[in-house]
Amino acid sequence: MARKQAPVSKKSLPADESLAVAGDGLRRKPIAGATELSIIVPTFNECENIPVLVDRLRKALPDVAWEMIIVDDDSPDGTAEVARALGASDPRIRCLRRVGRRGLSGACLEGMLASNARYAAVMDADLQHDERLLLPMLAKLRADEADLVIGTRYAEGGAADTFSTKRKWISLLATRLANKVLGLKLSDPLSGFFMLRRNVVETFARKLSTQGFKILLDIVSTAGKSLRVAELPYQFRSRHRGASKLDTRIALDYAGLVLAKATSDLLSLRFIFFCLVGIVGIGVHFVALSIGVAVIGLSFQWAQTLAIVVAIANNFALNNAITYRDQRLTGMNYLTGLMLFYLVSSIGALSNMSVGNWLFGHEQTWWVAGLGGAAMSVVWNYVVSSMMVWRSR
Ligand code: GDD
Ligand code: MN
């Protein structure tokens, strides 16, 4: 959807306002009472870990004006209530509760955008990240030696010993892939532990993906070469309580993000999922068609109609659960969404036929015409349904 946006220049970073005013000594000093550092902690079912983390932050950051923004995706274990209880006795602790949405990257982004501090850090709630690294990270930013400081497990002095062999290999492979495809030279581009000048995120916010786990990789590849990056090693610990949320879907998200960034956002994550769902839909169509003909004994026309109805409903359900998982439709909205999707898809089918016929008239090659028609309807269905059915970007 074409939305009016202020143009964002890819390569130019705004200077740190507070450092830019030459000769103005006053602006360089932190303003009394202002928060200098927001620590963004995304959570999903971390009620037992939050109190321990708060305790550790208090000890790790004496003399720093910090705050903690817990971004909770409506955890069923009551993490938000625990966070609010902590905030009741310590105003530095805030909770941003998101309802109807899931996603680590989106949570981190919203947390950083809710901050008004000069610097923002992102760290996990499960105590795997070493809070003692926060002070050295802050020192680097204060000295203006970097715009972004990454806590790395894979540089000298760092470690991820608690990883299983399988997870170690996956992590290594994903790191290599990121560096190669995106032309980066970072030892740990997938780290979930980093600190930056908040206005960096402000500048690129609209371009960042809210899906998946890889917010850091997204920031680095979107900001480009103008971003000064530093790395500090730490030892990745084992999870305190609860379970990891990294699953196959997150891994798929990751592959999609790398592809999207490697093609300058031409192939977006959503579009890739939309196409994959379409491919699954073709399979469903044929299964339904053969059941219609062979099992129920319908005529081809009726079996074909049934197959189309089933395949579209299948694509809608899958897109709702996967492609647009963060804006999932439920209840009545599900039904009206499905009706709209039927409408959009029928127009898509018509455009498929007309483009196909036109191409066949010119080309005389059936598969070129067929592919062209299909591509046309996929693009149409995608653009229109993301505007009308799942209304967002
Ligand atoms: N709000 C929100 N929404 N938070 C989430 C979500 C979500 O959908 N999914 C996970 N989190 C929170 C967790 O509660 C935890 O605080 C943090 O994000 C990290 O999640 P884990 O489930 O503990 O991830 P991990 O330990 O397997 O992965 C870590 O290592 C990866 C690289 O190996 C994280 O640091 C990742 O960021 C990192 O990429
Ligand atoms: Mn973890």
Side-chain angles (χ1 to χ4, degrees), residues 39-54 56-57 68-80 82-83 94-114 121-131 133 150-154 158-178 186-195 209-220 234-251 253-255 257-258 325-326 328:
I39 301 158
I40 317 300
V41 181
T43 56
F44 192 74
N45 287 345
E46 305 284 4
C47 71
E48 289 186 280
N49 295 326
I50 289 289
V52 189
L53 179 62
V54 167
R56 294 208 183 170
L57 288 179
M68 181 184 185
I69 304 179
I70 296 156
V71 190
D72 184 62
D73 285 357
D74 212 13
S75 302
D77 78 346
T79 304
V82 172
R94 284 203 276 148
C95 177
L96 207 152
R97 177 177 162 213
R98 307 197 306 165
V99 289
R101 273 178 295 169
R102 270 298 302 274
L104 177 53
S105 289
C108 295
L109 183 62
E110 281 185 39
M112 289 189 275
L113 294 178
V122 168
M123 78 188 290
D124 292 353
D126 56 6
L127 308 175
Q128 291 194 276
H129 295 156
D130 191 339
E131 66 286 344
L133 201 69
I150 304 174
T152 170
R153 298 161 289 185
Y154 303 123
D161 297 337
T162 54
F163 267 167
S164 66
T165 320
K166 184 176 151 209
R167 178 88 194 249
K168 209 174 269 171
W169 275 102
I170 295 176
S171 184
L172 185 76
L173 211 77
T175 301
R176 291 258 166 92
L177 184 74
L186 299 173
S187 65
D188 197 356
L190 310 178
S191 174
F193 189 23
F194 59 90
M195 191 186 289
S209 161
T210 53
Q211 290 176 287
F213 259 41
K214 303 309 162 204
I215 178 84
L216 172 68
L217 184 62
D218 203 7
I219 292 173
V220 173
Y234 78 102
Q235 318 241 336
F236 194 64
R237 298 182 293 219
S238 52
R239 177 175 255 282
H240 182 59
R241 292 278 155 78
S244 166
K245 282 95 208 170
L246 199 137
D247 55 15
T248 324
R249 152 80 210 213
I250 305 284
D253 266 337
Y254 171 67
L257 178 67
V258 173
R325 173 164 91 150
D326 53 334
R328 196 173 290 169

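One-based numbering, in listed order, for ligands and for the atoms of each. In this chain, numbering begins with 1 at the start of the sequence shown.
Among protein heavy atoms, the minimum distance from atom 24 (O) of ligand 1 is reached at F213 CE2, 3.5 Å. Protein heavy atom in closest approach to atom 12 (C) of ligand 1: P42 O, 3.4 Å. Nearest protein heavy-atom contact of atom 11 (N) of ligand 1 is L104 CD1, 3.9 Å. Among all non-hydrogen protein atoms, the one lying nearest atom 35 (O) of ligand 1 is D124 OD2, 2.5 Å. The closest protein non-hydrogen atom to atom 37 (O) of ligand 1 is G192 CA, 3.4 Å.
Taking 4.5 Å as the limit, some side-chain heavy atom of P76 sits within range of a side-chain heavy atom of F44. The closest side-chain heavy-atom distance from L96 to E110 is below 4.5 Å. Counting heavy atoms from C-beta on, the side chains of T79 and C47 come closer than 4.5 Å. Residues E131 and I39 form no side-chain contact, since every pair of their non-hydrogen atoms from C-beta on lies 4.5 Å or further apart. Counting only heavy atoms from C-beta outward, the side chains of L190 and T175 approach each other to under 4.5 Å. Between L172 and Y154, every side-chain heavy-atom pair lies at or beyond the 4.5 Å cut-off. Within the 4.5 Å cutoff, the side chain of F163 has no heavy atoms near those of the I170 side chain.
Taking each of V71, L190, N45 in turn, the one with a heavy atom nearest to atom 38 (C) of ligand 1 proves to be L190. Across the listed options Q128, R167, K168, R167 owns the non-hydrogen atom lying nearest to atom 30 (O) of ligand 1. Of the listed residues (M123, K245, E46, R102), the one carrying the non-hydrogen atom nearest atom 15 (C) of ligand 1 is E46.
Residue contacts with ligand 1 for R101 are absent, since no atom lies close enough (heavy atoms, distance under 4.0 Å). Contacts of K214 with ligand 1, taken as heavy-atom pairs under 4.0 Å, involve the side chain alone. If you look at F194 next to ligand 1, there are no close heavy atoms at all, none under 4.0 Å.
Interface atoms of ligand 1 facing R239, defined by a heavy-atom separation under 4.0 Å, are 21 (P), 22 (O), 23 (O). Applying the 4.0 Å criterion to heavy atoms of S244 picks out, from ligand 1, the atoms 22 (O), 24 (O), 25 (P), 27 (O). For ligand 1, the atoms closer than 4.0 angstrom to any heavy atom of D73 are 1 (N), 2 (C), 3 (N), 7 (C), 8 (O). Every atom of ligand 1 with a heavy atom of R153 under 4.0 Å away is listed here by number and element: 30 (O), 32 (C), 33 (O). Those atoms of ligand 1 with a heavy atom of T43 less than 4.0 angstrom away are 1 (N), 2 (C), 4 (N), 14 (O).
Although no hydrogens or angles enter the test, the distance criterion places a donor-acceptor pair under 3.5 Å between the side chain of D77 and the main chain of E46. The closest donor-acceptor contact from the side chain of R237 to the backbone of L127 lies under 3.5 Å. The main-chain N or O of G158 is never found under 3.5 Å from a side-chain atom of Q235 such that the two would form a donor-acceptor pair. S191 contributes a side-chain N or O that, together with a main-chain N or O of G151, makes up a donor-acceptor pair within less than 3.5 Å.
Of the candidates N45, V52, I50, N49, N49 is the only one forming a side-chain contact (heavy atoms from CB on, under 4.5 Å) with D126.
With respect to R98 and D73, a salt bridge is recorded, a charged nitrogen being found less than 4.0 Å from a carboxylate O.
Considering backbone and side-chain N/O of A107, none are found under 3.5 Å from N/O of ligand 1. Backbone and side-chain nitrogen or oxygen atoms of A125 are examined, and one is located within less than 3.5 angstrom of a nitrogen or oxygen of ligand 1. For ligand 1, the polar-atom distance check against A243 finds no nitrogen or oxygen pair separated by under 3.5 Å.
Using cut-offs of 30° and 60° on the angle between ring planes, the pair F236 and H129 is tilted.
Residues V82 and P51 share a closest heavy-atom pair of CG1-CG, 4.0 Å.
Within the structure, the closest approach of F163 to ligand 1 falls below 4.0 Å when heavy atoms are considered. Within the 4.0 Å heavy-atom cutoff, H129 counts among the residues contacting ligand 1.
M112 CE to I215 CD1: the interatomic distance, rounded to the nearest 0.5 Å, is 4.5 Å.
Inspection of the environment of the Mn ion (ligand 2) yields the following protein N, O or S atoms under 2.8 Å: D126 OD2, Q128 OE1.
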